[in-house]
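To keep things clear, I will list the structure first and then write my remarks on it.
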2 protein chains.
Amino acid sequence: MESTSTRDPDLTRARILDAALALFVAHGVAAVSMRQIAEGSGVTKSLIHHHFGTKEALWGAVKAHAFSRYAEEQREALEARQTPDALLLETSVLRYFRFLQQRPEVVRLLAWIHLEADEGCSEMDAELVRLGAARIHEAQQAGLLRDDVNPTHVVTLFVHACNQWFTAKAHHSGWPGIGDDQAYLEDFLRIFMAGLVPPDPR
Amino acid sequence: MESTSTRDPDLTRARILDAALALFVAHGVAAVSMRQIAEGSGVTKSLIHHHFGTKEALWGAVKAHAFSRYAEEQREALEARQTPDALLLETSVLRYFRFLQQRPEVVRLLAWIHLEADEGCSEMDAELVRLGAARIHEAQQAGLLRDDVNPTHVVTLFVHACNQWFTAKAHHSGWPGIGDDQAYLEDFLRIFMAGLVPPDPR
DNA sequence: CTATCGACTGGCCGACCGGTCAATATGTCG
DNA sequence: CGACATATTGACCGGTCGGCCAGTCGATAG
């Protein structure tokens, strides 16, 4: 049954993971102390060591927890296809863009993972990419998309275009003539979709 | 005249900046100690404080030094236009891609700066973006590129596509079906350039 | 009731942190 | 040759770090 407020190790672990994720993502692993995480999660520093061992192990658990949840959300959205094939790619880009727009912590988590060159995390979204690439391959064979480009690169390209937009947002917000999220998304989609139509056979 | 091996404050500053850049870029500012920088540059820790003050000031000097050198290189290459207008954009993308390919430390430096949300650094490449956007605007008015997209977004898009490719390389190298640098670049250029041709007026 | 196991606590440790400071070495100028 | 500015050094400071450990608390099983 549901436990009372005290002595709930699962809830404790969850609270530690949440606080650690927030702090790690905001300031970086090296800049966050175990004492800060303890304070942020309302538990003792020793208890964190009891549940997760070392700080590095905690970071590993945080990554696995947050990343797998994100990957699951994305897969569910991707597998529930109800749009016609011709618009599937465009709506996928749009959904991914909105997803990152509403979850800035995912963007920063990815950025930290990239800087660590953690190849282990790539397994978690490899399945997503494979799924998306398969959809694009289908559309290519149906003549809806040009077939002289690697489907995986198509997925990679739009993921990159969305990720980097939010990653570097503070930086390029000072660039002259740049627009807001919506304006960038629309221009990207114009170029991206027009660049993928099959060439006129004539 | 040229000084001997001892007592060359300029050389000392340069050595400290080089060592600090390498360490900061590799491990992040918070994870690098002044003692490590001292060891890496062959000087005393106190001497670093003497020349640069605090650790944060050193990081600022490192950013300014590396970033301005990078921006200068890019501007020189951009201002020496000798290619015909029709190919300028494609060669610009190619040059920028090769530039990042040969300077992985620039890619990582940018990634760290983005995570800091340091808006001050955006002034350094804002001029570059303005210059590139102006070239694209010229090409639009000459009818070489579609004119219903923001020129700044065109620059932003290809910068993002190149940056994120190298930033996340270790991560997406595990994705199924992904190609190498050259294959990605070619596919990106196909989509990008085809997406920018003016629509058939008929 | 008692034995037992895991959740949980406070205190402690050695190592290391960024930064300071007085003292010294070295080059330059009068 | 001094006098002076500054590059350079090593010792040292208070504070914080991650991790450890002995021990208490609380639920559950026998």
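Residue numbers start from 1 in every chain, and the chains themselves are labelled A, B, ... in the order their sequence lines are given, proteins ahead of strands. Predicted, not measured: the structure shown is a model, and the values here were computed from it.
A cation-pi contact links A:R13 to A:F52, judged by a cut-off of 6.0 Å to the six-membered ring centre and 45° from its axis.
Atom NE2 of B:H27 is surrounded by 12 or fewer heavy atoms from other residues, nucleotides or ligands within 6.0 Å.
At the phosphate of C:dC16, neither OP1 nor OP2 sits under 4.0 Å from any side-chain N or O atom of B:S33. For B:T12, no side-chain nitrogen or oxygen approaches OP1 or OP2 of D:dA7 to under 4.0 Å. Side-chain nitrogen and oxygen atoms of B:H49 include none within less than 4.0 Å of the OP1 or OP2 phosphate oxygen of C:dC21.
One N or O donor and one acceptor, one from the side chain of A:R7 and one from the base of C:dA7, sit under 3.5 Å apart.
For the 3.5 Å distance criterion, the side chains of B:D118 and B:W112 fail to qualify, holding no donor opposite an acceptor.
Protein atom NE2 of A:H27 is 13 Å distant from nucleotide atom P of D:dC17, rounded to whole Å. One can place CG of B:L11 at 17 Å from P of C:dT26, the figure rounded to the nearest angstrom. Regarding A:H51, its NE2 atom lies at a distance of 12 Å from the P atom of C:dG6, rounded to whole Å. Protein atom NZ of A:K55 is 15 Å distant from nucleotide atom P of D:dC20, rounded to whole Å. A:R35 places its CZ atom 13 Å from the C1' atom of C:dC16, with the value rounded to the nearest Å. For A:I48 and C:dC8, the CD1 to P distance is 12 Å, given to the nearest whole Å. With rounding to whole Å, B:I37 atom CD1 is found 11 Å from C:dG18 atom C1'. Put simply, NE2 on A:H50 is 4 Å from P on C:dA7, counting in whole angstrom units.
Distance alone, capped at 3.5 Å, places no donor-acceptor pair between the B:R130 side chain and the A:W175 backbone.
A:S46 comes within 4.0 angstrom of a nucleotide base, judged by non-hydrogen atoms across all strands.
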